[in-house]
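One-based numbering, in listed order, for ligands and for the atoms of each.
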Amino acid sequence: MLFDSHAHLNDRTYAENREALFAAIEASDLSYVCDVGFDLESSLLAVEHAQKLPWCYAVVGCHPHDSKEMDESMMTMFKGLAKKPKVVAIGEMGLDYHYDHSPRDIQQHWFRRQLQLALELKMPIVIHDRDAHDDVLRILKEEGVLAAGKEPAARVLLHCFSGSPELAAQYVKLGAWISMAGPITFKNARKAPEVIAAVPDDRLLAETDSPFLTPEPFRGKRNSPVNVEYTVRKIAEIKGITYESAAALTLNNAKAFYGIK
Ligand code: NI
């Protein structure tokens, strides 16, 4: 019984064989998958998937890569989508200074606007942070989402966490949640045990970020939510608990974060 807390079933690489992907998910140990939007079109598709598939929930928003395409009319459409049934968070939003597909000031503007929308709608927030650790944390504080010594204004999830154990500890202290993806299974993932040790049992989620970040032993092939098993197995190994316990823990945390009953 597994929860893939972050996948892109809506990604065009699945367009040709999406029904086969759904069938594989239904035949697996997965109980839930969150289909995460990265622009307007993919968010619409995520909502459609959530409406037709009992195990699927949607997250709607704009990825920093796509923020150069954003405007206020799209924000209004995201707001409308966010109110649909089974839409459980806003995202994935944030900053990506690794690829810089959109100018940094534009990324920051739409990150702030989406944080404001999530606060207005009282919805959880899914964050993408690649090589932008300082600015992501600064903006979360400046927008009043996270503050030292206070309860967070919204639930915040750092998806595919790639920071240091110290940064993970800092986020946990501020009340945020941390999700680990396939790279923790890679042989050179030296930080992973320390990051996982820094996150309390009730704050840790697992994801695939499909179709990206395929875990070992399938690294190099296209990813699928079914492979969340390998990330959960690695979490179990690092924490010294059974696979079943790690599966239950990450599933329950994802349900709690997304507010799924
Ligand atoms: Ni993603």
Trainee: Can you list, by chain and residue number, the protein N, O or S atoms under 2.8 Å from the Ni ion (ligand 1)?
Mentor: His6 NE2, His8 NE2, Glu92 OE2, Asp209 OD1
Trainee: Quick one: hydrophobic cluster around Tyr230, which other residues, with the 4.5 Å side-chain cut-off, linked directly or via members?
Mentor: Phe218
Trainee: Who else is in the cluster with Tyr14 when I, L, V, M, F, W and Y are joined by side-chain contacts under 4.5 Å?
Mentor: Leu2, Leu9, Leu21, Phe22, Ile25, Leu30, Val33, Leu53, Trp55, Val226, Val228, Val232, Tyr243
Trainee: Would you call Glu216 and Lys234 a salt bridge, using N to O less than 4.0 angstrom?
Mentor: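 A salt bridge is absent here (no side-chain N lies under 4.0 Å from a carboxylate O).
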Trainee: Return the minimal non-hydrogen interatomic distance between Asn10 and Ser42, and the atom names on each side.
Mentor: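 The answer is ND2-O, 3.0 Å.
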Trainee: I'd like to know if the side chain of Asp209 reaches the main chain of Ala181, judged simply by a donor and an acceptor atom lying under 3.5 Å from each other, with no hydrogens or angles considered.
Mentor: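 No, because the side chain of Asp209 does not come within donor-acceptor range (under 3.5 Å) of the backbone of Ala181.
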Trainee: In chain order, what residues pass the salt bridge (Lys or Arg N to Asp or Glu O under 4.0 Å) check against Glu151, with sequence neighbours excluded?
Mentor: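 With neighbours one apart ignored, the set is empty.
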